[in-house]
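All values reported here derive from a predicted model rather than from experimental measurement. The chains referred to below are lettered A, B, ... by the order of the sequence lines, with proteins before strands, and numbering in each begins at 1.
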There are 2 protein chains.
Amino acid sequence: MPDYDGAVTEATNSGAVTSPAKRGRGEKSSPTIYDIARLAGVNPSTVSRALSKPGRVSAKTQKIIEDAAEQLNYRVNPFARALPTGRTQTIGLIVADITNPTFFDIIRGAETTGSARDYTLVLAESAESPETELVAARRMLSTVDGLILASPRMDDEKILALAADKPVAVINREIEGVPCVVPDVNKGINQAVRSLASNGHQELAYVAGPPQSWMSSRRWEGVQAACDWYKLGAVRLESSKPTVDGGRQVARDVLASGATAVITYNDLLAIGLMQELQAAGMHVPDQISIVGFDDIFGADFTTPPLTTVRSPLGECGSLAATLLLDMLLGQDGPAEAVRVDTELVVRGSSGRLIA
Amino acid sequence: MPDYDGAVTEATNSGAVTSPAKRGRGEKSSPTIYDIARLAGVNPSTVSRALSKPGRVSAKTQKIIEDAAEQLNYRVNPFARALPTGRTQTIGLIVADITNPTFFDIIRGAETTGSARDYTLVLAESAESPETELVAARRMLSTVDGLILASPRMDDEKILALAADKPVAVINREIEGVPCVVPDVNKGINQAVRSLASNGHQELAYVAGPPQSWMSSRRWEGVQAACDWYKLGAVRLESSKPTVDGGRQVARDVLASGATAVITYNDLLAIGLMQELQAAGMHVPDQISIVGFDDIFGADFTTPPLTTVRSPLGECGSLAATLLLDMLLGQDGPAEAVRVDTELVVRGSSGRLIA
DNA sequence: ACCGATCTGTCAACCGGTTGCCAACTATTG
DNA sequence: CAATAGTTGGCAACCGGTTGACAGATCGGT
């Protein structure tokens with residue numbers, strides 16, 4: 001069965017190198033259902049039904065219309081369809097930072113899942129700013145069928161307001177009444193802290209992420225709880241930004257804290273921190289152990305390779321897209337957050353403390 | 001002056017957690033120019049002109065209408081606007097692989113430049129397949145005002161066919177009649193080969209990228225020319241895919257080639273190659289020097305950090321977007337490809353050959 | 001005060017689909 | 001064979017802006 005939402009056929013264009021055909025009136029613009037109707041000898045509305053409402057027209061007419069459509073190489077005009085229906089076959093995704101590898105897998109997961117169900121992904125970034133994020137979200141909301149917010153920085157109430165308008169799914173944050181996909185950090189954190197404790201560490205530092213980050217708070221809580229259990233001291237340090245550079249800047253505070261093990265909000269911080277500590281002559285992991293979060297691209301390039309708590313980010317993106325698309329089909333979102341597992345990936349940046 | 005293309009105002013929504021308002025008829029859907037017209041006591045067409053054709057209506061009426069629009073928190077319906085005009089205020093970007101860091105900066109560059117001129121970026125990936133790329137391009141073309149192809153894999157003629165339809169800009173490839181942004185690899189390659197020659201290398205291997213990659217061929221040509229000049233032997237090796245994994249797989253061939261210096265099509269290959277060679281006991285750079293391409297995120301995380309020929313990818317994305325947007329304003333594209341400079345970034349993975 | 005030029009707002013058609021409603025047609029059944 | 005139920009196709013209104021054509025209003029110049 002041909003797919004009128006994205007048919008591909010060889011255009012009989014012999015490589016003219018003029019400027020693109022202007023959309024002027026009377027130009028040879030793309031065929032419409034009216035063209036098909038004329039060719040098939042039926043009413044345009046019948047064509048519309050044949051192409052989008054399966055079963056509404058008789059098999060015979062259906063066939064005639066489909067043949068005519070194919071002959072004309074017809075493709076629906078998405079705007080004409082969107083105008084009366086509001087449906088656009090697109091979903092929006094807003095990430096905090098396009099160049100942060102953490103989001104790569106989320107983007108790909110959402111894109112792949114969306115494509116598989118004939119939805120196009122529209123991407124925007126918030127540059128880690130709650131305001132920019134809200135602007136982007138509002139602008140998007142009018143053009144997409146639903147929205148995925150990955151690690152949103154704006155307030156819960158803003159998100160709820162958006163969700164009241166169109167379906168919204170959230171990754172890396174839990175909000176009552178909005179479908180969420182959240183890595184359950186406790187398992188991974190417990191593994192990490194246990195591993196550090198068994199390697200002789202007694203004082204641990206957590207380098208936090210952006211203050212608006214819900215996930216950063218959860219991770220800190222998880223670290224505190226695990227440290228309590230394993231009888232480690234835990235101190236929280238702030239970072240200026242959740243990037244490699246932010247990690248370098250926080251190195252001073254880490255040293256000053258006296259901790260021998262560090263868990264950072266994300267891998268970028270961990271990498272920057274490790275670089276700076278090594279530049280200052282510290283030995284990782286002999287003198288200080290470093291554990292990151294997310295297992296991003298590049299985490300295993302470092303020397304030593306980074307120990308990290310892996311979240312299945314691709315799966316998060318894919319799950320969020322699935323949740324969203326199911327909601328678009330009229331299903332209710334899940335009653336509570338969908339949790340995915342995290343796990344410790346032990347590499348070389350953590351290990352026995354050599355006093 | 002308020003911006004009706006993306007106004008943000010506090011919605012007076014008190015956090016109801018029901019499912020999103022359905023787009024049913026008669027719902028409290030968003031205000032239209034008809035609502036404004038009624039409120040302002042003018043004709044809808046006047047409203048339309050006031051909001052989009054500066055100068056066409058009197059200052060007084062303009063003011064009245066703008067006030068009414070603001071009062072109603074009006075925002076244009078993009079579909080209604082797109083239907084008669086064809087303009088959508090979006091540009092499409094197709095990349096070969098979303099998770100390849102090479103494209104991160106391109107994406108961000110295009111996104112930033114687009115946003116600054118009130119265009120939204122729509123992203124798709126081709127998964128390195130010419131067919132998928134064409135499908136994605138065709139699907140996009142009907143919904144965007146223009147298209148950027150980053151490192152396209154499809155044939156020139158296909159691209160020309162697309163370009164005949166809507167403005168297209170291309171990155172990392174040169175096609176007669178289509179505006180292109182192309183890093184001029186020769187400068188960087190010359191620096192690289194000279195550096196390698198001066199470090200005692202005599203046999204060099206180039207690890208090629210995907211066969212459809214125009215840029216891979218240019219790089220190979222550049223390497224050949226430079227090796228000729230500096231009197232080095234040059235051999236070309238094929239990779240299965242332009243990823244870290246592909247780099248690992250080609251390590252065997254590199255060793256078999258007897259080359260003491262390797263230039264790879266991109267950094268991912270270089271990183272994988274280096275990992276595999278080191279795992280096999282080789283010492284980088286004492287026994288073999290490795291030079292990558294692009295200076296992607298993470299290239300400096302490796303041990304030793306990667307020497308690489310940097311292309312200003314962010315600038316490429318930004319330039320391509322600028323070219324495209326200028327064409328949308330009616331300007332002609334540049335007569336020939338826009339070239340940006342490349343330069344060698346010397347890090348630890350290349351150096352003196354210790355025989 | 002008159003006249004043409006310019007400005008400003010209105011009318012109506014249009015972009016290309018979707019859909020409620022109705023009439024005609026087909027099939028089923030008594 | 002007629003009555004009834006179920007299908008199928010057509011008509012026309014509608015989604016929300018844009019725009020060419022035009023007429024009334026305004027204005028400057030003489």
Side-chain angles (χ1 to χ4, degrees), chain A residues 4-5 22-66 68-69 72-89 142-143 145, chain B residues 4-5 22-66 68-69 72-89 142-143 145:
Chain A
Y4 302 101
D5 293 354
K22 32 224 157 297
R23 290 273 298 168
R25 315 281 176 158
E27 277 285 340
K28 49 110 210 180
S29 72
S30 42
T32 71
I33 56 168
Y34 294 88
D35 300 324
I36 298 178
R38 208 175 314 119
L39 185 60
V42 297
N43 190 282
S45 60
T46 308
V47 175
S48 173
R49 291 199 175 96
L51 298 182
S52 52
K53 290 259 166 51
R56 179 61 223 274
V57 301
S58 68
K60 204 180 68 203
T61 318
Q62 179 90 24
K63 179 84 172 64
I64 297 173
I65 291 175
E66 280 178 0
L72 293 174
N73 186 24
Y74 170 79
R75 275 179 297 157
V76 286
N77 177 326
F79 307 113
R81 172 175 283 178
L83 188 48
T85 62
R87 283 179 274 115
T88 66
Q89 296 287 109
S142 60
T143 46
D145 290 348
Chain B
Y4 302 101
D5 293 354
K22 33 221 155 297
R23 290 271 300 166
R25 317 279 176 158
E27 277 285 340
K28 49 110 206 178
S29 74
S30 44
T32 72
I33 55 169
Y34 295 88
D35 299 324
I36 298 179
R38 208 175 315 120
L39 185 60
V42 297
N43 190 285
S45 59
T46 307
V47 175
S48 173
R49 292 205 168 90
L51 298 182
S52 51
K53 290 255 165 50
R56 177 62 223 273
V57 303
S58 69
K60 203 180 70 204
T61 319
Q62 179 91 22
K63 177 84 173 68
I64 295 175
I65 291 176
E66 279 178 358
L72 293 173
N73 186 25
Y74 171 79
R75 274 179 297 158
V76 286
N77 178 325
F79 307 113
R81 172 175 283 177
L83 189 48
T85 61
R87 282 180 275 116
T88 65
Q89 295 288 108
S142 59
T143 46
D145 289 349

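- For the atom pair CD1 (I36(A)) and CD1 (I64(A)), the distance works out to 13.0 Å, reported to the nearest 0.5 Å.
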> Reading nucleotides 5-10 of chain D from the 5' end, what letters show protein touch, with B for base, S for backbone sugar-phosphate only, - for no heavy atom under 4.0 Å?
Replying inline: ---BBB
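- Rounded to 10°, the angle separating the first-five-pair axis and the last-five-pair axis of the helix from dA1(C)-dT30(D) to dG30(C)-dC1(D) equals 30°.
- Q89(A) places its CD atom 11 Å from the P atom of dT18(C), with the value rounded to the nearest Å.
- Here dC14(D) presents its C1' atom at 13 Å from CD1 of I33(A), a figure rounded to the nearest Å.
- Residue L83(B) contributes atom CG, which lies 9 Å from atom P of dC15(C) at whole-angstrom precision.
- Counting heavy atoms from C-beta outward, V57(B) and T46(B) have side chains that approach closer than 4.5 Å.
- One can place OH of Y34(A) at 12 Å from P of dA12(D), the figure rounded to the nearest angstrom.
- Sorted by first and then second residue, the salt bridge (charged side-chain N to carboxylate O under 4.0 Å, His left out) pairs involving residues 29-40 of chain A (not counting sequence neighbours) are D35(A)-R38(A).
- A straight line from CG of L51(B) to C1' of dT18(D) spans 12 Å, rounded to a whole angstrom.
- Atom CG in N77(B) sits about 13 Å away from atom C1' in dT18(D), given to the nearest Å.
- Closest non-hydrogen pair, A50(A) versus Q62(A), comes out as O-NE2, 2.8 Å.
- Taking CG of N43(B) as the reference point, atom OG1 of T61(B) lies at 12.0 Å (rounded to 0.5 Å).
- Proximity of K53(A) to the phosphate of dT19(C): a side-chain N or O atom is located under 4.0 Å from OP1 or OP2.
- The side chain of R87(A) places an N or O atom within less than 4.0 Å of a non-bridging phosphate oxygen (OP1 or OP2) of dT19(C).
- Taking only side-chain nitrogens and oxygens, S52(B) never comes nearer than 4.0 Å to OP1 or OP2 of dG17(D).
- In this structure, the separation between NZ on K63(B) and CD on E66(B) is 7.5 Å, given to the nearest 0.5 Å.
- Heavy atoms of F79(A) sit nowhere under 4.0 angstrom from any nucleic acid atom.
- The side-chain heavy atoms of L51(A) and Y74(A), taken from C-beta on, include a pair separated by under 4.5 Å.
- Residue R81(A) places no side-chain N or O under 4.0 Å from the OP1 or OP2 atom of dG16(C).
- No side-chain heavy atom of I33(B) sits less than 4.5 Å from a side-chain heavy atom of V76(B).
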